[in-house]
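Shown next, in structure tokens, is the structure this report addresses.
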Amino acid sequence: MNTLTNKKVLLGITGSIAAYKSADLVRRLREQGAEVRVVMTAAATEFITPLTLQALSGQRVHSLILDAEAEAAMGHIELARWAEVVLVAPATADFLAKLAYGHANDLLSTLCITTTAPITVAPAMNQQMWQAPVTQENCQRLQERGIKIFGPAMGSQACGEIGAGRMLEPLELVQCLEGLFKKGSLVNHQILITAGPTREDIDPVRFITNRSSGRMGYAIASAAYAAGAQVTLVNGPVSLSPPLGVQISPVYNAQEMLEAVMTHIPTTDIFIAAAAVADYRPVQQATQKLKKKEAVMQLTLERTPDILATVANLPNPPFTVGFAAETNNLIDYARSKLQRKKLDMIAANQVGIEGVGFDSEENALHVFWTEGSVELSRCSKKEIANKLVDLIIQRYQLKKRLSS
Ligand code: CTP
């Protein structure tokens, strides 16, 4: 079941060109199982017709406060009571100001001061209007009252300018709403995950890398998000679509991965290093393409920074989970890595077996911690990621209890 299944979403639409995206937003919300009722301001109806939203929401659209017919079916008070969440998307600068000062001169603003449901807004406006001190002050007032502001995003605007002021995309808004209703053991926890390979340049056209697809790390990121966490994924070059709800930080080589990880570590509760970081990089990277000369060529390599060990050896490290890919002596190698790198847990997989591990759909893991271990038998990376995240939550909570 999705987080938004059967949730009653009152969608307010105000007069911005971004209103055309609200039609898609209604579809996306309904795809997640939400019930949607739409309230439009008079200006919004100049940008998109109520008929479109009626067809998409399957419900009558409300616009006027003094509408005898609408009041007979579902009056404005009932609508305010019906809502489990109010999302005003797009919210114009004018609407934010009205909401900040409690005006009630149309149906949407009246509903907003009547409802007890959480109110959320997705601003959309010209970037100068967004930056204007008065708009920022209004937003601050709204936030102080617990109103959540989703976005706006940066980018090119309908007016031809570039800057912050674009309404978030419908799918992003769906994720924001899901975040409001999310329950799970990792709510209010920050999880940082590395995934995929890294590339270490030899010259402008060649590099050292490995066969990691990033799928395991991506599956763990989705599982952690589903458990309620705020998830950041630092990944090397992969060709995967970003998992829903996860913040992506793409990097190229081991050094960049280390830097990205270290910027997030101060706020991280659990760090999971699923990346197949290249262990070595060329000491020198040629600035021009290397030409073939001798029959034998030697490349001098140096160790890359060990990101996992760097994190685990910090004075106040997060709960740290590593991976080990082994072709032989899995138990011994995994246990010694657990100890040597000072990890809380290590998930080891046997590589070199057809169909599991690197660049494949399935995986099997043997997970170790100081006092014990468990085998997670072969299944899809999605299933194994869910089991691994459950295990991480158990061990993490135990460690927290013991240290408090
Ligand atoms: N790791 C890392 N930074 C590196 C190398 C590895 O963060 N420069 C992390 C990986 O993400 C993984 C774990 O460390 O979680 C793997 O440990 P590693 O010592 O590299 O094991 P193997 O790659 O299996 O290499 P080896 O067996 O040669 O020690």
Side-chain angles (χ1 to χ4, degrees), residues 191-201 207-221 224 231-238 249-265 268 270-283 301-314 317-353 356-359 363-369 373 376 381 384-385 388-389 391-392 395-396:
I191 312 285
L192 179 64
I193 299 166
T194 62
T198 62
R199 284 183 187 169
E200 310 302 328
D201 282 348
F207 50 78
I208 298 173
T209 191
N210 56 62
R211 287 172 49 201
S212 166
S213 63
R215 280 203 284 262
M216 193 64 225
Y218 271 53
I220 296 170
V231 184
T232 304
L233 191 51
V234 177
N235 62 259
V238 293
S249 168
V251 296
Y252 185 78
N253 58 27
Q255 184 59 34
E256 281 183 23
M257 188 172 272
L258 174 71
E259 285 163 19
V261 162
M262 294 316 278
T263 60
H264 289 101
I265 280 298
T268 294
I270 300 175
F271 174 58
I272 306 171
V277 186
D279 287 324
Y280 289 93
R281 65 185 169 204
V283 171
L301 305 178
E302 64 182 359
R303 290 286 299 270
T304 54
D306 190 322
I307 302 161
L308 178 61
T310 308
V311 170
N313 284 279
L314 288 170
F319 187 89
T320 304
V321 183
F323 271 76
E326 310 291 351
T327 54
N328 56 309
N329 293 346
L330 182 138
I331 299 181
D332 291 347
Y333 285 144
R335 281 223 168 270
S336 79
K337 263 175 215 172
L338 178 76
Q339 223 175 10
R340 185 163 32 92
K341 297 201 187 189
K342 300 195 184 141
L343 309 179
D344 291 294
M345 272 174 99
I346 192 156
N349 62 336
Q350 188 93 38
V351 286
I353 302 175
V356 290
F358 270 173
D359 201 15
N363 210 355
L365 293 174
H366 198 158
V367 188
F368 301 86
W369 55 98
S373 75
L376 305 178
K381 285 186 172 170
I384 215 151
L388 179 64
V389 167
L391 201 58
I392 292 173
R395 304 297 317 164
Y396 166 75

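Numbering of ligands and ligand atoms starts at 1, following listing order. Only a predicted model underlies this, so the values are computations on that prediction, with no experimental measurement involved.
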Considering only the protein, which heavy-atom contact is closest to [atom], and what is its distance?
atom	result
atom 7 (O) of ligand 1	Leu308 N, 2.9 Å
atom 3 (N) of ligand 1	Ile307 N, 3.0 Å
atom 22 (P) of ligand 1	Lys337 NZ, 3.3 Å
atom 8 (N) of ligand 1	Pro305 O, 2.8 Å
atom 20 (O) of ligand 1	Asp279 OD1, 3.4 Å

Side chain to side chain, Glu256 and Pro250, heavy atoms closer than 4.5 Å: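 Answer no - side chains too far apart.
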Which heavy atom of [X] sits nearest to which heavy atom of [Y], and what is that distance?
X	Y	answer
Leu258	Pro305	CD2-CB, 3.8 Å
Tyr333	Asn328	CD1-O, 3.1 Å
Asp201	Phe207	OD1-CB, 3.5 Å

Salt bridge (charged side-chain N to carboxylate O under 4.0 Å, His left out) between Arg395 and Asp344, worked out: CA-CA 8 Å; Arg395 304 297 317 164; Asp344 291 294; over 6 Å; no
Whether Thr194 side chain and Ala274 backbone form a donor-acceptor pair below 3.5 Å: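 Confirmed, Thr194 side chain pairs with Ala274 backbone.
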Any donor-acceptor N/O pair, Asn349 side chain to Asn363 backbone, under 3.5 Å: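 Side chain of Asn349 to backbone of Asn363, a donor-acceptor pair under 3.5 Å: no, none is there.
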Gap between atom CG of Leu343 and atom CZ of Phe271 - 0.5 Å precision: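 Separation between the atoms: 10.0 Å.
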Which atoms of ligand 1 sit under 4.0 Å from any heavy atom of [X]?
X	answer
Ala273	11 (O), 12 (C), 15 (O)
Thr304	8 (N)
Ala325	24 (O)

When you compare ligand 1 with [X], is there at least one nitrogen or oxygen pair between them that comes in under 3.5 angstrom?
X	result
Phe323	yes
Ala278	no
Ala275	yes
Gly322	no

Heavy atoms from other residues, nucleotides or ligands near CD of Glu259 exceed 12 (cutoff 6.0 Å):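 More than 12 within 6.0 Å, yes.
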Nearest-option assignment for atom 6 (C) of ligand 1, heavy atoms, candidates Arg281, Gln255, Lys341: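 Looking at heavy atoms only, the winner is Lys341.
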